[in-house]
Amino acid sequence: MAAENILEVPALEVKNFAFRYSDGTEALADINFSVKAGEALAVIGPNGAGKSTLLLCLAGLLHGSGQVLIEGEEMTTDNERTLRRKLALVFQDPDDQLFMPTLDEDVAFGPANMGLNEEEVQARVKNALTLMRLWEKRKRPPHHLSFGEKRRAALATAIAQRARILLLDEPTSNLDPASRQELMDYLSAYTEARIIATHDLELARHVCSKCILISSGKQIASGDINGILTDKTLLNQHRLAAG
Amino acid sequence: MHHSYIDKYARHNSPLHRLDARTKIISSILFVVLIAVTPSPGSVFLTVGASIPLFLCFIGRIPISYLLIRSLIIIPFAGFAALSYAFSSSSDDILWQWGPLRLSSEGMSNALILLLRSWIAVSAMILLVNTTPFDSLLKGMRRLKVPALFIMLLSFFYRFLYLLWDEVERMQRARNMRYYGGYWKRQVGIMGSMISSLFLRSFQRAEMVQFAMIARGWNGEIKLLPAFPLQRRDLMVLLSMIICLVGLWLLRTF
């Protein structure tokens, strides 16, 4: 019975969440959704809808009102550092994510901050960089990598954290078609919970089973991905389909 | 985008590249200090001093032309100081005079010494950066007990210098596409707006990088790698370098 209860607890749950910028502008209002372990949720919406802000809030980097629960535990300023160990965030611009002088040091940054021993850190670095086909380039500074490589490197930093919940912000933007397909396949096969903010609807359909649509900071729809992506009127209204 | 990187040859392979970063850092600093503080250096001292970076260039398989071009960076700084030196001597040995401007042989000699000192010091630093990958340089500094916060700042400087450079180039390109010459006075204001825009973009970038660090468990503490002792070969090289520098010191008046 107890084991069943644990399985029922969502990996991440958001209840009545709202966020305002310091100048008072409302960026998010009344956001509600949950993601089970192993499930993938797409957060879709037009430019400026608040998708990136929502991810920053889920990672406890911005603080709003309402509740964000990670595996049943509410995130507060007191426990956010501990709970963040269960989360990994991949930023939209890989140049924001990669800040160390070489690739392997960057991938080691998260695991080292978890207090893991040097051997385990190096094992994780090797695993993540090999998975992302970057092991040969581990000693390169990030500015010596192509954009596609930087994107894979940013993902490697998250993989090395072995987080229970992966948060990705527009992971396919600016990628060539082959890299995009590769990334979509990788994300489909990923076994932990994923929350993907995107307006790439093909990515959302390929990887996710659930979806929420936000527009101007408000949650417009939520539910099964196919239900939302086949509603042309809804997509048209919120600038997610042309014509 | 491709830049002329400050450490273009750092990942080449040569006996100099294979040395431990600490050996190179200590040797370079001692050499620069010796060159900078030696009072009234003689011509033999300066000639030997100037030939050391050139010789090391050869050992490190770095083109001498690269070193010479890179070292021109001293001109705006040391060049003006040397000019003022050249014209400020009170010696009676006047070579040329035009109004209050008097060029004496003593002034010329002081200016030349200043230029040579600066060139040797800058060349040593260019060599250090081009024979040691930047991350190894930082690790070497960490192991030499340089404060971790300073290392972190240097590491960010190296990482984001090129990103900022890219931003500047993109902004310049965007301006050039819509600037057709003339209206010089207006351009000064536009340049000011570009600089403020660059500042804002840098600020936003800094904020996102801070988020990226916190998201990966950073709590203000900088993790240091465990130090390991210098190898026998590095110790021998360091010792030889110190002996050479003592030899150079003995030559100071020649």
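Note that the structure is a prediction, hence the values are computed from the model and not measured. Every chain is numbered from 1 and lettered A, B, ... according to where its sequence line falls, protein lines coming before strand lines.
- Of the atoms belonging to A/Q161, it is side-chain heavy atoms, and not backbone ones, that fall under 4.5 Å from chain B.
- Both the backbone and the side chain of A/L98 come within contact range of chain B, with heavy atoms under 4.5 Å apart.
- Ranked by heavy-atom pairs under 4.5 Å with chain A, the first of B/S155, B/A212, B/A206 is B/A212.
- Between A/F91 and B/F211, the ring centre distance reaches or exceeds 6.0 Å.
- For A/R85, no part lies under 4.5 angstrom from a heavy atom of chain B.
- Of the residues A/K139, A/R140, A/R138, the one that meets the side chain to side chain donor-acceptor pair (under 3.5 Å) test with A/D104 is A/K139.
- If you measure heavy-atom distances from B/L138 to chain A, the contacts under 4.5 Å come from the side chain alone.
- Under 3.5 Å, the side chains of A/S179 and A/D176 contain a donor-acceptor pair of N or O atoms.
- Looking at A/T157 and A/D106, their side chains never bring a donor and an acceptor atom within 3.5 Å of each other.
- Ring geometry for B/Y162 against B/W165 counts as parallel: the plane angle stays under 30°, on a 0 to 90° scale with 60° as the upper cut.
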